[in-house]
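Everything below concerns the one structure shown next.
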Amino acid sequence: MTERQYWLVKSEPESYSIDHLRKDGRTAWTGVRNYQARNLMRDRMRRGDPVLFYHSSTEPPGVVGLARVASAAYPDPTALDPKSDYYDEKATAEDPRWFLVDIEFVERFPRMVTLAEIREDAALAEMPLVNRSRLSVQPVERAEFERIRRMANSA
């Protein structure tokens, strides 16, 4: 059995927020069109892995809750749908190019842990999030994950 890994996913709250996920319970994490993020989902994410849910492109941006990987990776059907914003004319059923995982809601944090707070915390200085990573799917070290959870649950 492989060791559990920890993740952060970004979403603009106007498009899909932690509250949308809470209402839906589970969703396919469609529309990722970056090869590095795709490879993380396809090759490394495993069912049961914990996920920090991050609201991006909002003021302030920050981690707002917790989700969990709910499926193995599978082809992203939006890549094959000409009506989708995420359609890829080079993708085929035989060579899908783009993959996704399902994520499920675990909890909304009592408070947001803002990007500014994360940047100020020396224990989080090596996070890809802090180092200007624009990836919508990022690995997180266990200690970083636990630190952010503690921060979210502090007054």
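The basis for the numbers below is simple: all heavy atoms, side chains too, and nothing from hydrogens, waters or symmetry mates.
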Electrostatic pair [X]-[Y], nearest N-O below 4.0 angstrom:
X    : Y    : value
E107 : R149 : yes
R33  : D88  : no
R111 : E117 : yes

(request) Is it possible for you to say whether F109 and Y16 belong to one hydrophobic cluster, with membership spreading through side-chain heavy-atom contacts below 4.5 Å? (result)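 No; tracing contacts between hydrophobic side chains, which count when under 4.5 Å, never links both residues.
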How far does [atom1] of [X] sit from [atom2] of [Y], to the nearest 0.5 angstrom?
X    : Y    : atom1 : atom2 : value
Q138 : N131 : CD    : CG    : 9.5 Å
M112 : T58  : CE    : OG1   : 6.5 Å
R142 : E3   : CZ    : CD    : 8.0 Å

Where [X] and [Y] come nearest, the two heavy atoms and their spacing:
X    : Y    : result
A79  : P96  : CB-O, 4.4 Å
L100 : A28  : CD1-CB, 3.9 Å
L129 : I118 : CD2-CD1, 4.0 Å

Measuring only between side-chain heavy atoms, which start at C-beta, is [X] closer than 4.5 Å to [Y]?
X    : Y    : answer
R22  : F105 : yes
L124 : I148 : yes
V51  : L8   : no
E126 : E141 : no
M45  : L40  : no
T114 : P61  : no

(message) Run Q5 and R46 through side-chain hydrogen bond (donor to acceptor under 3.5 Å, both in side chains) and show every step you take.
(response) CA-CA 8 Å; Q5 296 188 61; R46 298 290 176 260; over 6 Å; no
(request) Would you please indicate yes or no on a ring centroid separation below 6.0 angstrom for Y54 and W7? (result)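 No; Y54 has its ring centre 6.0 Å or more from that of W7.
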(request) Ignoring hydrogens and angles, state whether a donor on the side chain of S17 or D19 is under 3.5 Å from an acceptor on the partner side chain. (result)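 No, D19 and S17 have no side-chain donor paired with an acceptor closer than 3.5 Å.
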(message) If we count only N and O atoms by modelled type, under 3.5 Å, do the side chains of R97 and Y35 hold a donor and an acceptor together?
(response)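 Yes - a donor-acceptor pair under 3.5 Å links their side chains.
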(message) Before you tell me yes or no, could you show the steps for W29 and Y86 under ring-ring contact (aromatic ring centres under 6.0 Å, His included), namely the whole-Å CA-CA distance, both residues' side-chain angles and the distance that decides it to 0.1 Å?
(response) CA-CA 12 Å; W29 205 249; Y86 301 108; over 10 Å; no
